[in-house]
Number of protein chains: 2
Amino acid sequence: MNITIIDVAKAAGVSPSTVSRVISGSTRISAATSKKVKAIMEELGYHPNAMAKNLVSRTTMTIGLLLPRNADEAFLDIFFPEVTRGILSQANRSGYDLLLKTGMTECEKVEAVTKLVKGRRVDGIILLQSRNKDAVVRFLHEEKFPFVLIGRTPEFPDIMTVDNDNRQAAYDVTRHLLQQGHTRIGFVGGPLEMVVSSDRFEGYRSAMQEAGIEPRPDWYHIEASKLKDDGYRVMSMLMGTPERPTALVVMDDLVAFGILSSLSELGYSVPQDMAIFGFNNNPMSPVSSPPVSSVDIGVYQLGFTAAQALVGSLKGQPQERRRTIVPHRLIARESSMHWINPKS
Amino acid sequence: MNITIIDVAKAAGVSPSTVSRVISGSTRISAATSKKVKAIMEELGYHPNAMAKNLVSRTTMTIGLLLPRNADEAFLDIFFPEVTRGILSQANRSGYDLLLKTGMTECEKVEAVTKLVKGRRVDGIILLQSRNKDAVVRFLHEEKFPFVLIGRTPEFPDIMTVDNDNRQAAYDVTRHLLQQGHTRIGFVGGPLEMVVSSDRFEGYRSAMQEAGIEPRPDWYHIEASKLKDDGYRVMSMLMGTPERPTALVVMDDLVAFGILSSLSELGYSVPQDMAIFGFNNNPMSPVSSPPVSSVDIGVYQLGFTAAQALVGSLKGQPQERRRTIVPHRLIARESSMHWINPKS
DNA sequence: AACAAGAGTGCAAACGTTTTTACAAGAGAA
DNA sequence: TTCTCTTGTAAAAACGTTTGCACTCTTGTT
């Protein structure tokens, strides 16, 4: 049996409520009592039981993090570990714990979140990325449960979100490539029902149209998943089309690495035959050959900011803005330098 | 205010204890009652309060995962996300939640774990990697709190661990390189107070000595951290030594990538001038140029197995063995093929 | 016919806190 | 002196479950 607050109270010759007040630092406790009780607590090695505390205070000091999709896919990309790191760092700093959850299907996820919310297991929830119609977002919104979405969903424009301006980022990348002299630019992305994909696609598209170029359908939105399974064949087909793109905007550096390796096998060289510009600035990108240009979207900061916003709203601080945009930064490396080879 | 078990009991015309028994699936409840109560629960949208349940049952159905070192370093390598994935997958499958914790210093970690244990916040703990003298291991061992260590520590040989046979793995790699005809083989590792580093170093060394070669001090144990900061200079010095190694055993593929890029800058080519064999089989390793040979240590399985062992022991199942070894697998790729260039 | 066994359910006591309310003692003001 | 504030502490009521014990019916056994 563990030491309880009652044991401490007895040993100190005070009531449990006094001990409780000492712990919470109430002002209405005399310095002498406080000191004495603290000494006893130290001596007995007392630690308050978290569950009892949570039960009566109706607070858990825990935030839940819902990982997207299947647990088995959740960590393949650098995005998830990095954003988790940011969240954990800020949460711990504010005295909150982090509870990881995941679900294979949409339905499983809703169920998991329901348990968390209705079971009062967590005080708030952080969601990663969002589909256009996200059942979890809808549920939390209906329940009026505190949560923040990393990403955004057009269906609920007024929920708390932390996001990049993905449209602008893709626009910037495309502009960059256009300025390098490219006109036939392709786009490799994920499924369009993911908001991040459609945002980036839209940015790409609007930059192209603004430049007076109507991209051909076989240039854009080559599904990244297809590339993963069958990169070699997809790339050889793409390179075989009559007016093939000379540059590609790629949703993620990992996919870019795959393209790099496929192109190399096919005997093409980057950036001479094809310029590549990726996203997410993978730590490998600077040391691949050639180094891959990428958009640093501040993944860590995304997580950090989300946790900060959530904790702030849990503490009842009125959040000045519900939507936070984390700035992005284009990092041009060798893979997108079309006309000049920096090594020569 | 949320629906409680009492509300359900009233609506169903039974006592709270009956409802409780229906939830826990007690055998001593008639089918009719069970059905009726379940219908009411569904209708009212009742979910049991986790904290109340935990308090009285003295169980949290949560396992804590202590991430090594600073939160900020925890996820840099592929190891941590991958092992977390394995743990989360198995934990969720067994109905357990996962609580992430971290601490900057050894002291902070002990404090965090103490709170978790004494505050009865979790039922068991999983530890990642271990130093030779690990204060957290010592604490948990003293407290007799259920935990499993991924890795091992010589100080406590009888605690529950899940580990690779790192000595054997490094031995195998070194033997492999020796069989390829290399005699001057170097070793790049982490600090020797990490058990995983010293185990691998020992395996390397014993393979060399068995082959009748005494490795020169400037060949081995080049600290990986130095390489990260200053890879180019360290490599150029190494390549300048009179009897420089022709092959390197490298603690982690990430470090291998750095070496690859340094060597390429210095004008050396891999594997012609230097063979490289890494560890941890990073997903990037097959697509780097050249593809990096690596030891697949089954990181996911390490996590999965650890969670399985912990949950098993929490359920009171006597664990048949306290020490589990996850098998490793050498994957030879181009970076270690010294004599034959597979492309030619 | 009486009794034992067992199935099904309710009562009430935990679990270890926080928090509201009440109260005692001492200090200053009338 | 008496009254009103403060200041410090105690008592007791939650919080929402689980669970040991007791009780009431059936049903089968002697």
Side-chain angles (χ1 to χ4, degrees), chain A residues 1-38 40-41 44-62 95 97 114-123, chain B residues 1-38 40-41 44-62 95 115-123:
Chain A
M1 196 56 47
N2 259 328
I3 312 285
T4 76
I5 203 172
I6 299 184
D7 300 325
V8 176
K10 270 185 193 153
V14 297
S15 80
S17 44
T18 300
V19 179
S20 172
R21 275 185 272 259
V22 168
I23 294 166
S24 65
S26 162
T27 54
R28 310 207 13 168
I29 289 292
S30 72
T33 310
S34 171
K35 199 173 155 191
K36 182 177 63 182
V37 170
K38 274 179 182 160
I40 301 271
M41 290 199 305
L44 297 184
Y46 168 73
H47 284 260
N49 179 304
M51 294 308 142
K53 186 172 179 168
N54 294 344
L55 178 59
V56 67
S57 69
R58 296 147 160 282
T59 307
T60 63
M61 293 306 278
T62 306
D97 283 331
T114 305
K115 246 191 201 156
L116 247 43
V117 170
K118 298 279 202 166
R120 298 242 161 263
R121 197 80 223 276
V122 295
D123 295 346
Chain B
M1 195 56 49
N2 259 330
I3 311 286
T4 77
I5 203 172
I6 299 183
D7 300 325
V8 175
K10 271 185 192 149
V14 297
S15 80
S17 42
T18 300
V19 178
S20 172
R21 275 186 269 257
V22 168
I23 294 167
S24 65
S26 161
T27 54
R28 313 209 10 166
I29 290 290
S30 72
T33 311
S34 172
K35 200 172 155 191
K36 181 178 63 184
V37 171
K38 274 179 182 161
I40 301 271
M41 290 198 306
L44 297 184
Y46 167 74
H47 284 261
N49 179 304
M51 294 310 141
K53 187 172 177 165
N54 293 345
L55 178 58
V56 67
S57 69
R58 296 147 160 283
T59 310
T60 62
M61 293 306 279
T62 305
K115 245 191 202 159
L116 247 41
V117 170
K118 297 277 202 172
R120 299 243 161 261
R121 199 77 220 276
V122 296
D123 295 345

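Chain identifiers are assigned alphabetically (A, B, ...) following the order of the sequence lines, protein sequences preceding nucleic acid strands; residue numbering begins at 1 within each chain.
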All N/O contacts under 3.5 Å from nucleotides 17-19 of chain C to the protein, with atom names and distances to one decimal?
| residue | atom | partner | partner atom | Å |
| --- | --- | --- | --- | --- |
| C/dT17 | OP1 | A/Y46 | OH | 3.0 |
| C/dT17 | OP1 | A/N49 | N | 3.3 |
| C/dT17 | OP2 | A/I5 | N | 2.6 |
| C/dT17 | O5' | A/Y46 | OH | 3.0 |
| C/dT18 | OP2 | A/S20 | OG | 2.6 |

Quick one: which protein N/O atoms are closer than 3.5 Å to N/O atoms of nucleotides 23-28 of chain C? Pair and distance per line, please.
none

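The interatomic distance linking A/R121 (CZ) with D/dT17 (P) rounds to 14 Å, in whole Å. Atom pair B/M51:CE and D/dT18:C1' shows a separation of 16 Å (rounding to whole Å applied). Nucleotide D/dG16 holds its P atom 17 Å from the CE atom of B/M41, rounded to whole Å. Whole-Å rounding puts the A/L55 CG to D/dT18 P distance at 12 Å. One atom, CG of B/N54, and another, P of D/dT19, lie 12 Å apart when rounded to the nearest Å.
Just one of B/K53, B/M51, B/R58 meets the side-chain contact (heavy atoms from CB on, under 4.5 Å) condition when paired with A/M51; it is B/M51.
Between the side chains of B/S26 and B/S24, not a single donor N or O lies within less than 3.5 Å of an accepting N or O.
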Checklist entry - Could you go step by step and tell me if A/R21 and A/T33 meet the side-chain contact (heavy atoms from CB on, under 4.5 Å) rule? => result CA-CA 10 Å; A/R21 275 185 272 259; A/T33 310; over 6 Å; no
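The shortest distance between the side-chain N/O atoms of B/R58 and the OP1/OP2 oxygens of D/dT18 is not below 4.0 Å.
Closest non-hydrogen pair, B/I40 versus B/A12, comes out as CG1-CB, 4.0 Å. Taking each heavy atom of B/P16 and B/I6 in turn, the nearest pair found is CG-CG1, 4.4 Å. For the pair A/T62 and A/R121, the tightest heavy-atom approach, listed with the atom from each and the gap, is CB-O, 4.1 Å. Closest approach of A/L55 to B/N49, counting heavy atoms only: CD1-OD1, 4.3 Å.
Between the side chain of A/S17 and the main chain of A/S15, no donor-acceptor pair closer than 3.5 Å is present.
Rounded to 10 degrees, the angle separating the terminal helix axes of the helix from C/dA1-D/dT30 to C/dA30-D/dT1, each built from five base pairs, is 60°.
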